[in-house]
A.B. asks: 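The structure follows.
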Amino acid sequence: MAAQTLYDKLWASHLVNEREDGTGLLYIDRHLLHEVTSPQAFEGLRLAGRKPWRIDANLATPDHNVPSSIAERRAGVAGIEDPVSRTQVETLDENCAEFGVLEFTINDPRQGIVHVVGPEQGATLPGMTVVCGDSHTATHGALGALAKGIGTSEVEHVLATQCLIQRKLKNMLVKVDGELQAGVTAKDIVLAVVGVIGTAGGTGHAIEFGGEAIRALSVEGRMTVCNMAIEAGARVGMVAVDQVTLDYVKGRPYAPGPDTWDQAEAYWGTLYSDPDAHFDAIVELDAATIQPQVTWGTSPEMVLPVDGLIPAAEDYTDPTHRVAVKRALEYMGLKPGMAITDIQLDRVFIGSCTNSRIEDLRSAAAVVKGKQVASTIKQAMVVPGSGPVKAQAEAEGLDKIFTDAGLEWRAPSCSMCLAMNADRLGSGEHCASTSNRNFEGRQGYGGRTHLVSPAMAAAAAVAGHFVDVRVMVDARESV
Amino acid sequence: MEKFDVLDGIVAPMDRANVDTDMIIPKQFLKSIKRTGFGPNLFDELRYLDVGEPGQDHSRRPLNPDFPLNHERHQGASILLARENFGCGSSREHAPWALLDHGFRVIIAPSFADIFYNNCFKNGILPIVLDAQVVHELFEAQHATPGYRLIVDLQRKAIERPDGEDISFEVDEFRRQCLLHGHDDIDITLEDADEIRVFEQEYRQRAPWIFAATGS
Ligand code: SF4
């Protein structure tokens, strides 16, 4: 057989049939649901009198609208203050109950951001096709799965047929060789990648992330990288299966038990791109040259190393870029030539499906330990990605480190990543955020988002402005 | 889904690249559990001068006079002219729902984000990719001509300009047929229900853990 990429293998193994025009009917193994993109799909099923095709393929949890305030969470769904948010969460509960879908409800210890929950529970596994009505579904590709975000019509389609009508994507390899410097993380890798290929660079492609620096990442770090594939325009991001993946999966609640583990492991061991497989595009980066990254504009591709200077519109030759840069500078209230480290911050947000797993929290805690959030920062919050992450962090005493340093410790939700609950920026406020999108208004009307790693966000909280986390950590260690 | 055959409509411009789905429909409006009613909040932050919240009386909100969709000459527009990477960002289908609710059935751009492009077809909107230079010329012609209209013919896969010139475009044949006939994807897929079952049987042998992984 001809050499295949990981994507080719996953595609072929789930193909029910292929039409003459090249569209394929792809079988879906796991369907994740949340409250924002599912109500209209359930409604569609009801109207057409259809039943879910394979009920146990589905798993739901509310995350976008769920309050992160621990006090507001105590009363469960009824305690959600915003009535419109409450209705949406209630609607998910009702739909799941009516159709028999397994749901981790608001105060279930397993509840959390859907992309944190799936892998954590072993509900998403290597080799699976995973879909969710959410563009950051590519996160699950970190396990060697074919995972992609879909719209609500497709949510309904998957519920009703367990399949999707798809066209095969092109293959892109992003190869990051070499070794990361200390203090540089998975988030910096992916921000650097988006900076290089641009927000539309991966359009129409499935991106496989490979190379030494990716192999050296934990599964959590790989999830951070795959999570932002969509910020490079790709619906699919993936990492090949290796021992790190297998060790991560083993023993999780919904992972294969002893009766099927060996069979699963043997299959998963084949989930990598053959050495001479063909990629339509290859992008190579040297990990050693990647610095901590900070976005300065209103698109994730507007990113610079922490020691960079804000660009001017005139630095760009392409007229569309020029207009975009000019508008971004205005929106962000930044002047060309200004140092990234001179950007004063109002708020800090550590959380989101990009960076709310235990290793993210550990890395932020290591930076703020024994320090204080700068007095000029109005609010710095840490929002763990799931109940189990929260419990683990508390068992390790991380919550104490954060609160001692003046950061708020909150309950699992999407929170200020998109400000659908009460957590949001005021107009004109600058925020160091570990989330994935810095679009205008994303974190609140007029809010100014700067995307960074958890360690960089923590360092910025202490300094009150951006600072190279490597300098800060060295300083601490030399005391 | 409403059929799409030929559309003769007014063209409105959205002259910026990378228009993201947060811009098309800000998140505070995603809390609705319906598919309709998003039209008044299309491009909310650009269109109004105040901050939009669900449940407002939109007719009383201050309009941004600089925003093209607010201009008299673009009222009733059904064709949106856009720039590169239109619809990037989230998978929210609320974006095409808002466009449709406002009356847009066609979006013309040099490129679209994948999920958005796909979502359009599911909702009876035809996204058309044209060469960047051609799009640029359309922007100029639109700008110069109040009441500028185009005729979009999906049968012929062509756009007819006021001067009678045709611009042809490409569209996936399966999607074209679905739009032309207003077909529901789910019905089409369920025609293959037996094949799906056969696949599942074989797959269950190959990967039994997939079928044992969760149970409610
Ligand atoms: S954390 Fe942010 S990006 Fe992730 S699913 Fe929630 S809203 Fe979407």
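Below, chain A is the first sequence line, B the second, and so on; all start at residue 1.
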A.B. asks: Would you say that B:Ile115 contacts A:Ile150 through its side chain, given a criterion of any heavy-atom pair below 4.5 Å between the two side chains?
C.D. replies: no

A.B. asks: In the structure I gave you, are the side-chain heavy atoms of B:Ser111 and A:Thr203 within less than 4.5 Å of one another anywhere?
C.D. replies: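 No. Closest side-chain heavy atoms not under 4.5 Å.
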
A.B. asks: May I ask you to decide if A:Ser153's main-chain N or O and B:Glu93's side chain share a donor-acceptor pair within less than 3.5 Å?
C.D. replies: yes

A.B. asks: Is any side-chain heavy atom of B:Phe211 closer than 4.5 Å to a side-chain heavy atom of A:Asp56?
C.D. replies: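 No; the side chains remain at least 4.5 Å from each other.
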
A.B. asks: Considering only heavy atoms, which portion of A:Ala419 lies under 4.5 Å from any heavy atom of chain B: side chain, backbone, both, or neither?
C.D. replies: both

A.B. asks: Should the pair B:Arg206 and A:Tyr267 be classed as cation-pi, given the thresholds of under 6.0 Å to the six-membered ring centre and 45° from the axis?
C.D. replies: no

A.B. asks: Does any heavy atom of chain B fall under 4.5 Å from the side chain of A:Ser38, the backbone, both, or neither of them?
C.D. replies: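 The answer is neither part of A:Ser38.
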
A.B. asks: Apply the test side chain to side chain contact (heavy atoms under 4.5 Å, CB included) to residues A:Arg235 and B:Asn118: give CA-CA distance (whole Å), side-chain angles for both, the deciding distance (0.1 Å), then the verdict.
C.D. replies: CA-CA 12 Å; A:Arg235 276 173 93 167; B:Asn118 200 38; 3.8 Å; yes

A.B. asks: Side chain from CB out, backbone as N, CA, C, O: work out which of these in B:Gln177 comes under 4.5 Å of a heavy atom of chain A, or both, or neither.
C.D. replies: neither

A.B. asks: Using a cut-off of under 4.5 Å on heavy-atom pairs, state which of A:Glu440, A:Arg327, A:Lys148, A:Gln121 scores highest against chain B.
C.D. replies: A:Arg327

A.B. asks: Verify, without hydrogens or angle tests, whether A:Glu231 (side chain) and B:Gly89 (backbone) share a donor-acceptor contact under 3.5 angstrom.
C.D. replies: no

A.B. asks: Would a 4.5 Å heavy-atom cut-off, applied to side chains only, mark A:Met420 and B:Leu30 as touching?
C.D. replies: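 Yes - at least one pair of side-chain heavy atoms lies under 4.5 Å apart.
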
A.B. asks: For B:His71, does the NE2 atom sit with more than 12 other heavy atoms under 6.0 Å from it, leaving out its own atoms?
C.D. replies: yes

A.B. asks: Looking at A:Ala324, A:Pro300, A:Ala234, A:Ala264, which one has more heavy-atom pairs under 4.5 Å with chain B than the rest?
C.D. replies: A:Ala264

A.B. asks: Ring pair (Phe, Tyr, Trp, His ring centres under 6.0 Å) between B:Phe199 and A:His14: does it pass, once the steps are laid out?
C.D. replies: CA-CA 9 Å; B:Phe199 175 88; A:His14 290 86; 7.1 Å; no

A.B. asks: Would you say the side chain of B:Arg197 lies within less than 4.5 Å of the side chain of A:Trp53, judging by non-hydrogen atoms?
C.D. replies: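 Side-chain contact under 4.5 Å: yes.
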
A.B. asks: Report the C-alpha distance between A:Leu25 and B:Thr189 in whole Å, list the side-chain angles of each, state the deciding distance to 0.1 Å, and finish with yes or no for side chain to side chain contact (heavy atoms under 4.5 Å, CB included).
C.D. replies: CA-CA 8 Å; A:Leu25 195 60; B:Thr189 300; 3.6 Å; yes

A.B. asks: Would you check if the side chain of B:Lys27 reaches a backbone N or O of A:Arg442 as a donor-acceptor pair within less than 3.5 Å?
C.D. replies: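 Side chain of B:Lys27 to backbone of A:Arg442, a donor-acceptor pair under 3.5 Å: yes, one is there.
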
A.B. asks: Does the pair A:Arg19/B:Glu191 count as a salt bridge with the N-to-O cut at 4.0 Å?
C.D. replies: no

A.B. asks: Please determine whether the number of non-hydrogen atoms from other residues, nucleotides or ligands lying under 6.0 Å from atom NZ of A:Lys326 exceeds 12.
C.D. replies: no

A.B. asks: Would you confirm whether A:Asp29, through its side chain, and B:Ile210, through its main-chain N or O, come within 3.5 Å as a donor-acceptor pair?
C.D. replies: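 No, because the side chain of A:Asp29 does not come within donor-acceptor range (under 3.5 Å) of the backbone of B:Ile210.
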
A.B. asks: Under a 4.5 Å heavy-atom cut-off, does chain B meet the side chain of A:Leu15, its backbone, both or neither?
C.D. replies: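 The backbone, not the side chain.
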
A.B. asks: Examine whether an atom of B:Phe116 lies under 4.5 Å from a heavy atom of chain A, and if so say whether it belongs to the side chain, the backbone or both; otherwise answer neither.
C.D. replies: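 Answer is neither: B:Phe116 stays 4.5 Å or more from chain A.
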
A.B. asks: Could you tell me the separation between the CD1 atom of A:Ile165 and the CG atom of B:Asp185, rounded to the nearest 0.5 Å?
C.D. replies: 4.0 Å

A.B. asks: Looking at A:Ser299, A:Gly204, A:Ala48, A:Cys96, which has the largest count of heavy-atom pairs under 4.5 Å with chain B?
C.D. replies: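 Winner by heavy-atom pair count: A:Gly204.
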
A.B. asks: Between A:Glu103 and chain B, with a heavy-atom cut-off of 4.5 Å, which part of the residue counts as in contact: side chain, backbone, both or neither?
C.D. replies: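 For A:Glu103, no heavy atom lies under 4.5 Å from chain B.
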
A.B. asks: Checking B:Lys34 against A:Glu43 for the side chain to side chain contact (heavy atoms under 4.5 Å, CB included) test, could you report, in this order, the C-alpha distance in whole Å, the side-chain angles of both residues, the deciding distance, and whether it holds?
C.D. replies: CA-CA 9 Å; B:Lys34 303 202 183 76; A:Glu43 185 62 17; over 6 Å; no

A.B. asks: For B:Glu202, is the CD atom crowded, meaning more than 12 foreign heavy atoms sit under 6.0 Å from it?
C.D. replies: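 It does: B:Glu202 CD has more than 12 such atoms within range.
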
A.B. asks: Please name the pair of heavy atoms, one in B:Pro208 and one in A:Gln263, separated by the smallest distance, quoted to 0.1 Å.
C.D. replies: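 Heavy-atom minimum between the residues: CG-OE1, 3.3 Å.
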
A.B. asks: Measure B:Ala193 against the heavy atoms of chain A and call it side chain, backbone, both or neither at under 4.5 Å.
C.D. replies: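 Both the backbone and the side chain of B:Ala193 come within 4.5 Å of chain A.
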
A.B. asks: Less than 4.0 angstrom from a charged side-chain N to a carboxylate O is my criterion; do B:Lys31 and A:Asp82 meet it?
C.D. replies: yes

A.B. asks: I'd like to know which of A:Glu156, A:His136, A:Gln162 tops the heavy-atom pair count under 4.5 Å against chain B.
C.D. replies: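 Heavy-atom pairs under 4.5 Å are most numerous for A:Glu156.
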
A.B. asks: Which distance, rounded to the nearest 0.5 Å, do you find between the CZ of B:Arg92 and the OG1 of A:Thr152?
C.D. replies: 11.0 Å

A.B. asks: Any salt bridge linking B:Asp187 with A:Arg50? Criterion: basic side-chain nitrogen under 4.0 Å from a carboxylate oxygen.
C.D. replies: yes

A.B. asks: Taking the side chain as everything from C-beta on, heavy atoms only, tell me whether A:Arg167 gets closer than 4.5 Å to B:Phe174.
C.D. replies: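 Not touching, per the 4.5 Å side-chain cut-off.
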
A.B. asks: Based on non-hydrogen pairs under 4.5 Å, which of B:Arg16, B:Arg35, B:Arg83, B:Glu45 is most in contact with chain A?
C.D. replies: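 Most heavy-atom pairs within the cutoff with chain A belong to B:Arg16.
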
A.B. asks: When only pairs under 4.5 Å are counted, which of B:Ile196, B:Asn119, B:Asn18, B:Leu190 shares the most heavy-atom pairs with chain A?
C.D. replies: B:Ile196

A.B. asks: Counting heavy-atom pairs under 4.5 Å with chain B, which one of A:Thr37, A:Val323, A:Leu418, A:Thr320 comes out on top?
C.D. replies: A:Leu418

A.B. asks: Using the rule given for side chain to side chain contact (heavy atoms under 4.5 Å, CB included), can you reason through B:Gln28 versus A:Tyr445, listing the C-alpha separation, both sets of side-chain angles and the distance that settles it, and then say yes or no?
C.D. replies: CA-CA 10 Å; B:Gln28 62 269 37; A:Tyr445 184 81; 5.9 Å; no

A.B. asks: Go through the atoms of A:Thr161 and report whether side chain, backbone, both or neither lie under 4.5 Å from a heavy atom of chain B.
C.D. replies: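 Both backbone and side chain of A:Thr161 come within 4.5 Å of chain B.
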
A.B. asks: Would a 4.5 Å heavy-atom cut-off, applied to side chains only, mark A:His157 and B:Lys122 as touching?
C.D. replies: no

A.B. asks: Got a salt bridge between B:Asp22 and A:Arg437, using NZ or NE/NH1/NH2 to carboxylate O under 4.0 Å?
C.D. replies: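 Result for this pair is no, no salt bridge flagged.
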
A.B. asks: Under 4.5 Å from any heavy atom of chain B, what part of A:Arg424 do you find: side chain, backbone, both or neither?
C.D. replies: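 Contact with chain B involves the side chain of A:Arg424 alone.
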
A.B. asks: Measuring heavy-atom distances to chain B, does A:Val36 have an atom under 4.5 Å in its side chain, in its backbone, in both, or in neither?
C.D. replies: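 Contact with chain B: backbone and side chain both.
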
A.B. asks: Pick one of side chain, backbone, both or neither for A:Thr91, based on which atoms fall under 4.5 Å of a heavy atom in chain B.
C.D. replies: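 The side chain, not the backbone.
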
A.B. asks: Measure distances from B:Asn85 to the heavy atoms of chain A and classify the residue's part below 4.5 Å as side chain, backbone, both or neither.
C.D. replies: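 B:Asn85 touches chain A through side-chain heavy atoms alone.
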
A.B. asks: For the NE2 atom on B:His143, are there more than 12 heavy atoms of other groups (residues, nucleotides or ligands in this structure) within a distance under 6.0 Å?
C.D. replies: no

